Amino acid sequence: MPPASAAASAIIGALFSAPPRMVKTQLLGLLRAALASVAPEQRDLEIVLERPRQAAHGDYATNLALQLAHPLRANPREIARHLVRELGSSPLLAKAEVAGAGFINLFLSPDATRQVVSQVLEAGRDFGRNNLGAGRKVQVEFVSANPTGPLHVGHGRGAALGASLAQVLAFTGHAVTREYYINDAGRQMDILALSTWLRYLELHDVWVPFPSNAYQGGYVIDMAHQIRDAHGPRYVHPAPAVLAGVPDAATAPEAHLDALIANAKDLLGEDYRYIHSHALTEQLADCRDDLVEFGVHFDVWFSERSLFDTALVQRCLERLERAGQLYTQDGAQWFRSTAFGDEKDRVVQRENGEYTYFASDIAYHLNKYERGFDRIIDVWGADHHGYIPRVKCAVRALGLDDTKLEVALVQFAVLYRDGQKTSMSTRAGEYVTLRELRNEVGNDAARFFYVLRKSDQHLDFDLDLAKSESTDNPVYYVQYGHARVCSVLAQWGGDARTLAGTDLAALSGERELGLCARLADFADVVEAAARDYSPHLVAHYLKDLAAEFHSFYNAERILVDDPALRQARLALVAGVRQVLRNGLRLLGVSAPESM
RNA sequence: CUGCCCGUAGCUCAAUUGGAUAGAGCACCAGCCUUCUAAGCUGGGGGUUACAGGUUCGAUCCCUGUCGGGCAGGCCA
């Protein structure tokens with residue numbers, strides 16, 4: 001991990017300072033100056049500048065006067081009038097007026113509205129980028145599924161959200177580390193190893209009843225074949241030995257499984273580790289391939305087992321011990337989480353000496369803090385929400401700042417086909433895998449649909465809609481907008497890069513200026529998406545931008561005879577294409593040149 | 001029983017985090033192809049934001065209660 005460097009931040013900062021400032025930023029500067037003049041003691045007040053819902057209320061509006069009314073003990077409309085007077089005249093503004101209870105409505109000059117097109121074309125792929133994060137180190141940990149089988153559609157949503165969120169954060173000046181936590185130390189991995197071995201024994205006509213709570217999937221049989229092909233009968237043991245002293249499966253299924261695992265370890269000795277590691281390696285590779293095909297990449301694959309190998313779990317518990325936050329009861333070791341506001345104390349080491357998942361999780365979070373992240377984002381399934389308080393308690397007990405740790409919850413996705421829910425039972429091993437979903441609807445539709453909803457909302461995933469090549473399908477709708485611009489530019493035949501310096505004065509129609517305003521909004525959308533961990537805002541924005549473009553395209557011809565108007569419109573649609581591209585890239589969706 | 005999340009048009013969802021007259025897409029109705037991709041566009045109807053109070057200049061958003069739905073509450077992960 002390279003050290004967080006001020007130098008790197010400075011370089012990044014310099015990159016961003018090059019393009020001219022956005023109109024909104026310039027307006028904020030004007031308002032700040034007016035504020036300092038009207039109410040010097042309130043000069044540091046946060047100024048909110050927003051897009052009014054209605055066109056009659058201008059391009060931007062601010063409630064600044066309303067905010068000042070209380071501290072100044074004055075009539076908000078009166079304050080607003082003072083502020084407007086101080087704003088004076090600016091080439092940016094066509095008009096500034098006081099409205100309603102004391103809003104200030106700002107109407108941009110056409111020049112001010114149009115200049116965004118030049119900014120888009122000059123900034124190119126960097127348009128929308130900002131330095132909100134100022135180079136701060138952020139870790140996004142997501143997916144982190146147990147490598148005990150293929151990823152399913154629930155993991156897919158976490159993958160899509162985490163990847164998009166990481167992109168958005170990187171785009172807003174954060175130094176992002178994408179991380180996958182591998183649960184390679186627990187009982188679930190032992191169950192997978194056992195399952196593989198039992199299938200392997202079956203291939204050698206050693207028949208041990210396959211437990212219903214072991215892993216049923218066909219991939220387990222595949223691994224058994226691989227092991228047999230590579231090593232023949234080396235790991236075969238007779239069924240009576242495998243079943244020696246094993247309690248009844250029907251009455252004690254979990255104890256049955258644990259006893260089988262214990263026998264496997266005894267009989268196989270060192271060879272058990274081979275089977276265990278073969279299964280882990282295979283499943284992890286499958287998982288990684290799946291994610292790579294999905295366009296989801298990780299910087300760090302963090303092994304749970306390494307927390308034990310480096311004795312971090314032990315050191316972590318010793319640290320809690322010294323702080324007086326551990327005690328022993330009923331043979332187990334407990335963390336006094338109630339002292340930090342949790343509902344009940346939690347076990348960290350079981351009576352049988354095994355550490356709980358919680359213990360390694362505390363250690364993992366300690367490790368995250370020790371790596372110096374300014375912010376740590378855990379993306380979890382919403383069913384883990386009850387787990388948040390105890391982890392935060394543990395972090396506090398270690399003397400760390402728990403406000404650095406944020407958990408983004410992802411609700412389940414429910415698949416619909418022909419208007420019917422598709423079953424997704426994890427038990428029988430017949431759940432829908434991410435790979436099946438990707439094969440059916442394609443990576444682009446999957447990525448887009450997954451982030452179309454706020455992540456903490458349930459997602460109804462309409463498979464038929466995702467597959468349809470029609471206007472109803474938002475992915476196709478947005479991508480088609482991009483392809484359409486490409487088609488127009490191809491028809492024109494010129495070099496799109498030469499459009500950056502185009503004179504835009506001919507853009508004067510309502511639709512044209514409306515599109516310009518929409519392009520300018522991209523910067524705000526990106527910022528909001530980063531601030532609220534809400535990539536869905538980008539998806540919605542792209543739908544809106546595409547709709548506005550299609551509407552414009554339908555109403556006006558771009559390749560008109562008048563050279564000045566033609567060039568200006570070409571520059572405008574080239575700007576639309578660039579912003580569509582940038583937005584789609586944040587979501588991991590391709591921007592096709594033709595469809 | 002307790003805690004967390006949610007409840008917005010017939011359906012799926014937004015709403016710049018407390019702003020002005022709550023918006024899109026489906027579906028429904030009526031239109032638009034001699035034109036750069038009709039894989040598109042235009043117009044229309046549709047709402048007591050679950051319900052009842054409260055906080056203030058202003059509430060879908062914050063607080064309280066009720067009703068309804070989801071998820072959690074292991075020495076499981």
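Because the structure is predicted, anything quoted here is derived from the model rather than measured. Chain letters run A, B, ... following the sequence lines, proteins first and then strands; every chain starts at 1.
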Face-to-face contact A:Tyr477 to B:A39 six-ring, under 5.5 Å, under 30°: no
Please measure how far the C1' atom in B:A52 lies from the corresponding atom in B:A14, and state the result in whole Å. 27 Å
Which nucleotides of nucleotides 9-17 of chain B have their base under 4.0 Å from a protein heavy atom (B), which only their sugar-phosphate (S), and which neither (-), written as one string 5' to 3'? ---SSSSBB
Base, sugar-phosphate, or nothing for A:Ala490, non-hydrogen atoms under 4.0 angstrom? nothing
At under 4.0 Å between heavy atoms, what does A:Gln491 touch on the DNA or RNA strands: base, sugar-phosphate, or nothing? sugar-phosphate
Nearest-Å distance for atom pair CG/P, residues A:Asn146 and B:C76: 15 Å
Assign B:U17 to syn or anti; the rule is syn for a glycosidic angle within 90° of 0 and anti otherwise. syn
Considering only the C1' atoms, how many Å lie between B:U34 and B:A15, rounded to the nearest integer? 43 Å
Pull out every residue in residues 544-564 of chain A that has a heavy atom closer than 4.0 Å to any atom of RNA chain B, ordered by number, or say none. A:His550, A:Ser551, A:Tyr553, A:Asn554, A:Glu556, A:Arg557, A:Ile558, A:Leu559
RNA chain B-proximal residues of residues 384-392 of chain A, any heavy atom under 4.0 Å: A:His384, A:His385, A:Gly386, A:Tyr387
Check RNA chain B for consecutive Watson-Crick or G-U pairs with both distances under 3.5 Å and list the runs of at least three as stems. B:1-7 with B:67-73, B:10-13 with B:23-26, B:28-32 with B:40-44, B:50-54 with B:62-66
Decide, yes or no, whether a salt bridge links A:Glu593 with A:Arg581 under the criterion of side-chain N to carboxylate O below 4.0 Å. yes
Please measure how far the P atom in B:A50 lies from the corresponding atom in B:G68, and state the result in whole Å. 16 Å
For A:Asp330, which contact category applies under a 4.0 Å heavy-atom criterion: base, sugar-phosphate, or nothing? base
Taking atom P in both B:U42 and B:C33, what distance in whole Å separates the two? 15 Å
Rounding to an integer number of angstrom, what distance separates B:G45 and B:G58 when you compare their C1' atoms? 30 Å
Checking the side chain of A:Asp330 only, and the main-chain atoms of A:Ala332 only, is there a donor and an acceptor separated by less than 3.5 Å? no
Which residue, A:Arg187 or A:Leu66, contacts RNA chain B at a nucleotide closer to its 5' end, judged by nearest heavy atom? A:Leu66
Whole-Å distance separating the CG atom of A:Leu106 from the C1' atom of B:A20: 15 Å
Across the strands shown, which category fits A:Gln329 at heavy-atom distances under 4.0 angstrom: base, sugar-phosphate, nothing? base
Presence of salt bridge, A:Arg511 and A:Glu556, under 4.0 angstrom: no
Give a yes or no on whether a salt bridge exists between A:Arg566 and A:Asp562, defined as a side-chain N under 4.0 angstrom from a carboxylate O. no
Could you tell me whether the side chain of A:Asn105 has a donor or acceptor atom within less than 3.5 Å of a complementary atom in the base of B:A20? yes
Can you tell me whether the base of B:C33 sits syn or anti, using the 90° cut around 0 to define syn? syn
Between A:Asp472 (CG) and B:A38 (P), how many Å, whole number? 17 Å
Give the ring-plane orientation class for A:Phe552 versus A:Phe549, where under 30° counts as parallel, over 60° as perpendicular and anything between as tilted. tilted
Short side-chain N/O contact to B:U2 OP1/OP2 from A:Lys344, under 4.0 Å: no
Of A:Asn63 and A:Asn352, the one whose nearest nucleotide on RNA chain B sits closer to the 5' end is A:Asn63
Evaluate the ring planes of A:Trp380 and A:Tyr387, with Trp represented by its six-membered ring, and classify them as parallel (under 30°), tilted (30 to 60°) or perpendicular (over 60°). perpendicular
Between A:Tyr215 and A:Gln188, do the side chains contain an N or O donor and an N or O acceptor separated by less than 3.5 Å? yes
On a whole-Å scale, what distance lies between the C1' atoms belonging to B:U8 and B:G46? 14 Å
Would you indicate which nucleotide in B:G3, B:C76, B:A39 comes nearest to any side-chain atom of A:Glu343? B:G3
Out of B:A77, B:U21, B:C75, minimum distance to the side chain of A:Gln54 belongs to B:U21
Ring centroids only, cut at 6.0 angstrom: are A:Tyr541 and A:Phe522 within range, meaning strictly under it? yes
Could you go step by step and tell me if A:Tyr60 and A:Phe107 meet the ring pair (Phe, Tyr, Trp, His ring centres under 6.0 Å) rule? CA-CA 7 Å; A:Tyr60 289 99; A:Phe107 295 79; over 10 Å; no
Is the closest basic N to carboxylate O distance between A:Lys543 and A:Glu548 below 4.0 Å? no
B:C57 versus B:C51 - spacing of their P atoms, nearest Å: 26 Å
Between P of B:C57 and CZ of A:Arg73, the distance in whole Å: 13 Å
Under a 4.0 Å threshold between the charged nitrogen and the carboxylate oxygen, would A:Asp521 count as salt-bridged to A:Arg51? yes
Over all strands shown, is A:Ala69 touching base, sugar-phosphate only, or nothing at heavy-atom distances under 4.0 angstrom? nothing
Please list, one pair per line, the donor and acceptor atoms closer than 3.5 Å that link side chains of residues 452-466 of chain A to other protein atoms, with sequence neighbours excluded.
from: A:Asp462; atom 1: OD1; to: A:Asp464; atom 2: N; distance (Å): 3.1
from: A:Asp462; atom 1: OD1; to: A:Leu465; atom 2: N; distance (Å): 3.1
from: A:Asp464; atom 1: OD2; to: A:Asp418; atom 2: N; distance (Å): 2.7

Round to a whole Å and report the spacing from CG of A:Leu409 to C1' of B:C4. 9 Å
Give a yes-or-no answer on whether the side chains of A:Asp345 and A:Tyr327 include a donor-acceptor pair shorter than 3.5 Å. yes
May I have the distance from A:Phe103 (atom CZ) to B:G18 (atom P), rounded to whole angstrom? 14 Å
Let's see if you can work this out: which of B:A77, B:C26, B:C57 has an atom nearest to the side-chain heavy atoms of A:Asn183? B:A77
Whole angstrom is fine here: how far is it from CD in A:Gln333 over to P in B:G74? 20 Å
Salt bridge (charged side-chain N to carboxylate O under 4.0 Å, His left out) with A:Lys368: of A:Asp378, A:Asp402, A:Asp361, only one passes, and it is A:Asp378
Interatomic distance at C1', B:G10 relative to B:C32, whole Å: 27 Å
Could you state the atom-to-atom distance from CZ of A:Arg346 to P of B:A77 in whole Å? 13 Å
Can you check ring pair (Phe, Tyr, Trp, His ring centres under 6.0 Å) on A:Tyr364 and A:Tyr181, steps first, answer last? CA-CA 9 Å; A:Tyr364 181 39; A:Tyr181 180 59; 4.0 Å; yes
Taking only residues at least two apart or on different chains, which pairs with a member in residues 53-67 of chain A satisfy salt bridge (Lys or Arg N to Asp or Glu O under 4.0 Å)? none
Among side-chain atoms of A:Thr502 and A:Gln567, is any donor-acceptor pair under 3.5 angstrom? no
